[in-house]
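Report on the structure given below.
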Protein chains: 2
Amino acid sequence: MARSNHSRFVILGFLADQPRSGYDIRKVVEASLGNFWNESFGQIYPALKDLEAEGLVRKAEGPQAGRAQRQAYVITGPGREALEKWVRTPAGPHAYRVETLVKVFFAPLVGPREARAHVARFRAEHGALLEKYRTIGAHLDQDCTGQPGLPYWKLTVACGLAVGNAYLEWCDEAEAVLARLEAGGTHA
Amino acid sequence: MARSNHSRFVILGFLADQPRSGYDIRKVVEASLGNFWNESFGQIYPALKDLEAEGLVRKAEGPQAGRAQRQAYVITGPGREALEKWVRTPAGPHAYRVETLVKVFFAPLVGPREARAHVARFRAEHGALLEKYRTIGAHLDQDCTGQPGLPYWKLTVACGLAVGNAYLEWCDEAEAVLARLEAGGTHA
DNA sequence: CCACTCATGTAAAAAGTTACATGATTCG
DNA sequence: CGAATCATGTAACTTTTTACATGAGTGG
């Protein structure tokens, strides 16, 4: 089964919006796809080279805006076609690994106290994430008014909020269950 | 930063419960950690060899229950120690990649109709997942009554349910937004 | 001038998936 | 006996992370 190589298309996606350098792409991925996707330089720079070799992007000519070493890339016609094709393609199954849940699963080995610590950290993490999503949402409303992408982008933020809230509610439930176990139970 | 090599510990975790073969481990991971973790044979068999070389597990002796070729492994004292240490160690940041959200993010390129298709598939996927979690929850209640791990295991299922429901609710919201866009909007 | 950020890139390692090869056992 | 399942394992490949090396420009 041919692999889908998502990184390439994420890069193309941001070049479709405007010319950007590898460094720019990294930043914009972090700021917008944020916590449901990320790309490291180790992926971006080689991918840009490959994309150029295949004619899906080309180097922006002339003096670059900003710093001297900066090299922006521009998407090409075939690049746009490849991108749109990928966007239309059904997503693969949603695989996710949640280390915290695995540790809660095995927590009978170490007792409810340790499990509660995991839950507490998980709560802090997702609390912070929710804050971040709220900030992103506010920025979107301010900076992107009128842009056709806005409703789509807000939906992705809404998903982060919905799931983040679900995690926090689960933390409440877990905390209650584990506190009762710790109070009442005899454990190793 | 030394990597944590989670697979090893998941394997140890299931050997702590009872002796199992690589094949067994694969099955039990799928059945219990299910959709928030998975291990493939390509990870399990090499990992078992390594664990044995390090003295964290050993081969079960004598004729194996079940088939002839079956080779079960048993966790050792040091293995148990290493496992408990890992279970106590704080989980790393919760990284997750949601391909569907990336495609929704870039969907302005292809219009609301395509975005709705992504949402519909996402809904079907998570609907099925919720069913699975309910089944697992029911099995837990039936088969694991009285086992000390039960409340912990139920918590992991509860988390799957909470998040799955959040995804479904988001699908409703997304569907509504996109339907409005498709009806009213002029798009490329 | 020094520290910091901007910027590009490579090399190596780690992690994970997939496909394949092999053979035993069970069930119809 | 043939098909399906049980069972183990390897090799190749893809993907991703991490660490490192390098150097230019900016601000104090």
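A note on names: the letters A, B, ... follow the listed sequences, proteins ahead of strands, and every chain is numbered from 1. Scope of the values below: all heavy atoms of this structure, side chains included, with no hydrogens, waters or symmetry mates.
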| Does the side chain of A:Asn5 get closer than 4.0 angstrom to OP1 or OP2 of D:dT15 through an N or O atom? | yes
| said: Please tell me if A:Ser7 has a side-chain N or O lying less than 4.0 Å from either OP1 or OP2 of D:dT16. | reply: yes
| query | Would you find a donor on one side and an acceptor on the other, under 3.5 Å apart, between the side chain of A:Asp24 and the backbone of A:Ser21? | reply | yes
| Heavy-atom donor-acceptor pair, A:Trp170 side chain to B:Leu155 backbone, under 3.5 Å | yes
| message | Can you give me the closest heavy-atom contact between B:Gln142 and B:Thr145, atom names plus distance? | response | O-OG1, 3.4 Å
| said: Does the Lys NZ or Arg CZ of A:Arg26 fall within the cation-pi geometry relative to A:Phe41 - under 6.0 Å from the ring centre and within 45° of the axis? | reply: yes
| Near-strand residues of residues 35-53 of chain A, defined as heavy-atom separation under 4.0 angstrom from DNA chain D | A:Asn38, A:Ser40, A:Gly42, A:Gln43
| query | So which of residues 20-29 of chain A are in contact with DNA chain D, with a heavy-atom cut-off of under 4.0 Å? | reply | none
| task | Would you mind classifying the nucleic acid contact of B:Arg97 as base, sugar-phosphate or nothing, using non-hydrogen atoms under 4.0 angstrom? | result | sugar-phosphate
| field | Partner residues of A:Arg123 under the salt bridge (charged side-chain N to carboxylate O under 4.0 Å, His left out) criterion, sequence neighbours left out | value | A:Asp172
Whole-Å distance separating the [atom1] atom of [X] from the [atom2] atom of [N]:
X	N	atom1	atom2	value
B:Leu33	C:dG16	CG	P	14 Å
B:Gln71	C:dG23	CD	P	19 Å
A:Phe9	D:dT15	CZ	C1'	15 Å
B:Tyr96	C:dG16	OH	P	19 Å
A:His6	C:dG16	NE2	C1'	14 Å

| said: The criterion is side-chain hydrogen bond (donor to acceptor under 3.5 Å, both in side chains); which residues satisfy it with B:Asp17, sequence neighbours excluded? | reply: B:Arg20
Could you run down the sub-3.5 Å N/O contacts of the protein with nucleotides 20-23 of chain D?
unit_1, atom_1, unit_2, atom_2, d
D:dG23, N2, A:Gln69, OE1, 2.9

| query | So, A:Lys85 and A:Glu81, do they make that salt bridge, N to O below 4.0 Å? | reply | no
| request: Before accepting this row, confirm whether a basic side-chain N of the pair B:Arg134/B:Glu131 lies closer than 4.0 Å to the acidic partner's carboxylate O. | output: yes
| query | Hey, any chance B:Leu109 and A:Val74 share a hydrophobic cluster, counting ILVMFWY side chains that come within less than 4.5 Å of each other, even indirectly? | reply | no
| Just one of A:Trp153, A:Phe14, A:Trp37, A:Phe9 clears the ring pair (Phe, Tyr, Trp, His ring centres under 6.0 Å) bar with B:Phe106, so which one? | A:Phe14
| Is there any side chain to side chain donor-acceptor pair (under 3.5 Å) pair reaching into residues 156-168 of chain B, and which pairs are they, with sequence neighbours excluded? | none
